[in-house]
Amino acid sequence: MTLDFTPILPFMIVAGAALALLVLDLFWPVRLKWLTPLLAAASLLAALVVELGQANYLRAGLSNMVIIDNFSVFANAIFICSGIAAIALAYDYIQRTGINHGEYYVLMLFSISGMLLMSTAADLIIVFLALELLSVPLYVLTGFARPRLDSEEAALKYFLLGAFSSGVLLYGIALLYGATSYTSLHGILSAVSRGTADMPLVVVGAAFLLVGVAFKGGVVPFHMWAPDVYQGAPTSVTGFMSVGAKAAGFVALLRIFVVAFPPVAVELTSVMNFLASLTMLIGNIAAIGQRNIKRMLAYSGIAQAGYMLMAFVPFGNKAIINDSVASMIFYLAVYAIASFGAWAVVVAVEQAEGRGLDIDDYAGLGRRYPLLGVAMLIFMLSFIGLPPTLGFWGKFYLFRSVIEGNYIVLALVGMLASLISAYYYLRVVVMMFLHDGANITVRRNWLLSGLVGVSALAVLLLGLMPGPLFQMAADALLRL
Amino acid sequence: MNLDTVFFLILAAAAVITAAGMLLNRNAIYAALFLILNFATVGIIYFTLSAPFVALTQVTVYAGAIMVLFLFVIMLLGAEKLPYGEGSLRTQRLVAIGLAVVLLVEAGYFMLVKQPGLFLNPAQAGEFGTVEQIGRALFNIYILPFEITSLILLAAVVGAIMLTRIEKIQRAGQTGGEEQR
């Protein structure tokens, strides 16, 4: 039997680079340590090239455990670009905070390889393993600033709650296997449509899967870990986690529920409706009270997860599911760009020993560093969803698919939540431009500045012409 | 009710009782020993389902290797006994008992009323569950999950080493700094 590895080629490149760097990093003298991030970024670029080469290449492989379609290509492009951005975010930061170990990049590559696998998973066993592969390195990276106490605390909290949620997910998979005698998404769907499945158990199993992925995506009420973990983790890790782990959770949600669970949409739609409303409201309201910028962005990330989940509520409706998926992954890309920009600003402003992380510390920064201030303004406008930024189009498409699905009340809740969010996003900008503050010296580093600049330009320029990117998202269909 | 069912019910009761014993015991060593009993019971259940290889793996890997590690860790940390008296958990305990009763009723309803055939799990014949069959499945259909598992374990090992090693380096650095002062 010959094995066809083409469907997991990007995964193999990234995982192989992680293995190679793990060994190579030990042999490089200290003055050559910059080779590790460089090679990590190079491997990610190579994976990106291969990934884009797989566009319009529909294929299932390795005993139908994995599948590539345009959806997986689009999602993986987001993951790989997040990885490259995360390296740019980390390069200077981990040097000045004294945690510059080559294993940082190795663990990050492992985590990215898990994400790459997640989007191609056609079997629940792969979903579970991909989730673990992306989570285990993140637990470690969260505690990377050990023995700093808040980093240790964050790592332990993330690990315990993450292990628990993995357990719930696994229980859901076991129940589905018991109910349908399949673990593959297609098998489950066919068992359900043949009527050989035990329906109550399928519903319970699907609900458990929802809990497991909702935890990763930071959806209320499974969000409790996010603010503490985001605050305690090294900021460069937080930036990576807030995009990568969240995106992976949503990618898994889309793949599993769109392929396997349209038959249980009747039972689960009201649950998702409730979760989405709750997530948007609680995320935005809790963000208002935050003084620490990392906690504020954590709650903002929770609220953004709520908007995405909102578009997913009509997932059982075959007529609009494609629009819904397209608007969600388009929003994932939008969120990723603006998020990395905002986190790069936070990393640049952060001072030694965790100072400079309060929103009050941003006072006056916009006047002394106009470009930085304008960039932050652009990211915040994008988060709110105001034109002419990319965030406006992201929200526009999300709300369009909600209204197409006839969930008017949900759309109104989303509007209300967006209005609330304007207050705390704009507070940062007001603080930067209209207040006088202490003299904080912003870290100047070409990688960070580049990341801020590229993100800001992308948010603006793509905001002026969102067509091509949205077309790509619209083409990113899940192969059913 | 045939002999198989009676046997299964005894084993199931043993498994539940040992699991409860593990949770309720305040002495970590006893809890670990209960867990070994639980693993062994589950192993025997695997035997009755004609899966001897899985049964032996369960006993050697879980009841053997992993539990020995658990005991080592418990003894090294000196964490044999949990402290008594946690007032804030009392309400949680009440809620948990209530939910447990609900779960028990639900499970009983499913097993006895809705699916009375659940106990009748006829032993599979012939090749099923042999080492050969498992190996074939593992290295053909499940080759990708198998390899991913190895990556996860590697990442975990690297992480464990990182988290313990960093501390040593930095503690050495800190004490060095204090001496200089």
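Since we're looking at a predicted model, the values are computed, not measured. Letters A, B, ... mirror the listed sequences (proteins, then strands); counts begin at 1.
A 4.5 Å side-chain heavy-atom check between Tyr142(B) and Met65(A) finds at least one atom pair inside the cut-off.
Pairing each heavy atom of Asn140(B) with each of Ser63(A), the nearest pair is O-OG, 3.7 Å.
Contacts between Val66(A) and chain B at a heavy-atom distance below 4.5 Å involve the side chain alone, from C-beta outward. At a 4.5 Å heavy-atom cutoff, Leu141(A) makes no contact with chain B through either its backbone or its side chain.
Residue Tyr46(B) qualifies as open at atom OH: its count of foreign heavy atoms under 6.0 Å is 12 or below. Residue Tyr30(B) places its OH atom among 12 or fewer non-hydrogen atoms of other residues, nucleotides or ligands, all under 6.0 Å distant.
At a heavy-atom separation below 4.5 angstrom, chain A is approached by Ile148(B), Thr149(B), Leu151(B), Ile152(B), Leu154(B), Ala155(B), Ala156(B) within residues 148-157 of chain B. The stretch residues 126-139 of chain A places Ile126(A), Leu129(A), Glu132(A), Leu133(A), Val136(A), Pro137(A) near chain B, each with some heavy atom under 4.5 Å from a heavy atom of that chain.
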